[in-house]
Amino acid sequence: DSLSSFTEDELDQLPVGYIGLDNAGNVVSYNAKEQQLSGLNQESVIGRHFFRDIAPCTMVKEFEGTFRSMVESRRAASESLDFVFSFVSGDRFVSVTIEVNPDENQNCLIVRVTN
């Protein structure tokens, strides 16, 4: 099952951070684990542009560039990368899985802390 079909309650039960994005990169979903990891509450991120407004550290080719290329390919795909996020609580090494389904305008970032 695709995580994009999960309810908010189901997403909140995941042991990983989940950030749902539309094709433009705006946050449409943000689970409880990601709130815990980032220190940002859901109300402050929903509707905002993830790369520009929420996590400007991701505005690099390896991250935002990968997301954009995947969306522009117009194919459903999944790709993983390791990244250092600048969280409020300090830098965290994470493994991020980017899943895109551009035809459905449903994409997500799955964040796993690795340290």
Side-chain angles (χ1 to χ4, degrees):
D1 236 1
S2 169
L3 291 177
S4 62
S5 66
F6 280 33
T7 66
E8 263 188 64
D9 286 340
E10 290 170 326
L11 290 173
D12 282 341
Q13 299 304 312
L14 293 173
V16 295
Y18 176 91
I19 306 161
L21 302 176
D22 64 16
N23 287 344
N26 297 306
V27 179
V28 295
S29 180
Y30 202 76
N31 78 345
K33 183 66 174 182
E34 187 59 27
Q35 290 179 81
Q36 176 190 355
L37 291 172
S38 69
L40 301 172
N41 66 34
Q42 187 180 47
E43 295 77 27
S44 71
V45 299
I46 297 292
R48 296 179 64 200
H49 193 270
F50 176 77
F51 301 102
R52 183 184 62 237
D53 301 330
I54 305 305
C57 65
T58 63
M59 290 179 61
V60 295
K61 181 180 178 184
E62 299 81 29
F63 202 123
E64 184 180 18
T66 298
F67 174 80
R68 297 260 171 246
S69 293
M70 292 172 72
V71 169
E72 290 167 9
S73 77
R74 310 255 341 127
R75 289 182 286 114
S78 178
E79 190 167 323
S80 294
L81 60 105
D82 293 324
F83 196 76
V84 178
F85 261 97
S86 298
F87 287 114
V88 173
S89 58
D91 289 351
R92 302 285 278 288
F93 291 94
V94 298
S95 175
V96 178
T97 301
I98 302 171
E99 294 184 357
V100 299
N101 190 349
D103 294 334
E104 299 285 326
N105 195 25
Q106 293 180 6
N107 312 295
C108 70
L109 308 176
I110 301 165
V111 181
R112 295 172 182 86
V113 174
T114 57
N115 70 337

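Values in this document were obtained by computation on a predicted structure and should not be read as measured data. For this chain, numbers begin at 1 and follow the sequence in order.
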With sequence neighbours excluded, what pairs up with [X] under the side-chain hydrogen bond (donor to acceptor under 3.5 Å, both in side chains) test?
X     : value
Ser80 : Thr97
Glu64 : Arg68
Asn41 : Ser44
Arg48 : none

* Asked: Quick one: side chain to side chain contact (heavy atoms under 4.5 Å, CB included) partners of Glu79, sequence neighbours excluded?
  -> Thr66, Met70

* Asked: With sequence neighbours left out, what residues match Glu104 under side chain to side chain contact (heavy atoms under 4.5 Å, CB included)?
  -> Asn101, Gln106

Distance in Å, [X] [atom1] paired with [Y] [atom2], rounded so as to fall on 0.5 Å steps:
X     : Y      : atom1 : atom2 : result
Gln35 : Glu43  : CD    : CD    : 6.5 Å
Leu37 : Arg112 : CG    : CZ    : 11.5 Å
Asn31 : Gln42  : CG    : CD    : 8.5 Å

Do any side-chain atoms of residues 15-27 form donor-acceptor pairs under 3.5 angstrom with protein atoms, and if so which ones, sequence neighbours left out?
from: Asp22; atom 1: OD1; to: Ala24; atom 2: N; distance (Å): 3.0
from: Asp22; atom 1: OD1; to: Gly25; atom 2: N; distance (Å): 3.0
from: Asp22; atom 1: OD1; to: Asn26; atom 2: N; distance (Å): 2.8
from: Asp22; atom 1: OD2; to: Asn26; atom 2: ND2; distance (Å): 3.4
from: Asn23; atom 1: OD1; to: Asn107; atom 2: ND2; distance (Å): 2.8
from: Asn23; atom 1: ND2; to: Pro102; atom 2: O; distance (Å): 2.9
from: Asn23; atom 1: ND2; to: Asn105; atom 2: OD1; distance (Å): 3.3

* To do: Determine whether Val28 and Val45 fall in the same hydrophobic cluster, where Ile, Leu, Val, Met, Phe, Trp and Tyr are linked whenever their side-chain heavy atoms lie under 4.5 Å apart.
  => no

* To do: Kindly work out whether a path of hydrophobic side-chain contacts (I/L/V/M/F/W/Y, heavy atoms less than 4.5 Å apart) joins Ile110 to Phe6.
  => yes

Do any side-chain atoms of residues 50-61 form donor-acceptor pairs under 3.5 angstrom with protein atoms, and if so which ones, sequence neighbours left out?
from: Asp53; atom 1: OD2; to: His49; atom 2: N; distance (Å): 3.2
from: Thr58; atom 1: OG1; to: Ala55; atom 2: O; distance (Å): 2.6

* **Full working for side chain to side chain contact (heavy atoms under 4.5 Å, CB included) between Phe93 and Asp82** => CA-CA 7 Å; Phe93 291 94; Asp82 293 324; over 6 Å; no

* To do: Decide side chain to side chain contact (heavy atoms under 4.5 Å, CB included) for Phe85 and Val96; before the verdict, give the C-alpha distance in whole Å, the side-chain angles of both, and the deciding distance to 0.1 Å.
  => CA-CA 10 Å; Phe85 261 97; Val96 178; 3.8 Å; yes

* **Heavy-atom donor-acceptor pair, Glu99 side chain to Cys108 backbone, under 3.5 Å** => no

* Asked: How would you list all residue pairs meeting salt bridge (charged side-chain N to carboxylate O under 4.0 Å, His left out) that involve residues 9-18, not counting sequence neighbours?
  -> none

* Residues in salt bridge (charged side-chain N to carboxylate O under 4.0 Å, His left out) contact with Arg74, at least two apart in sequence or another chain -> Asp103

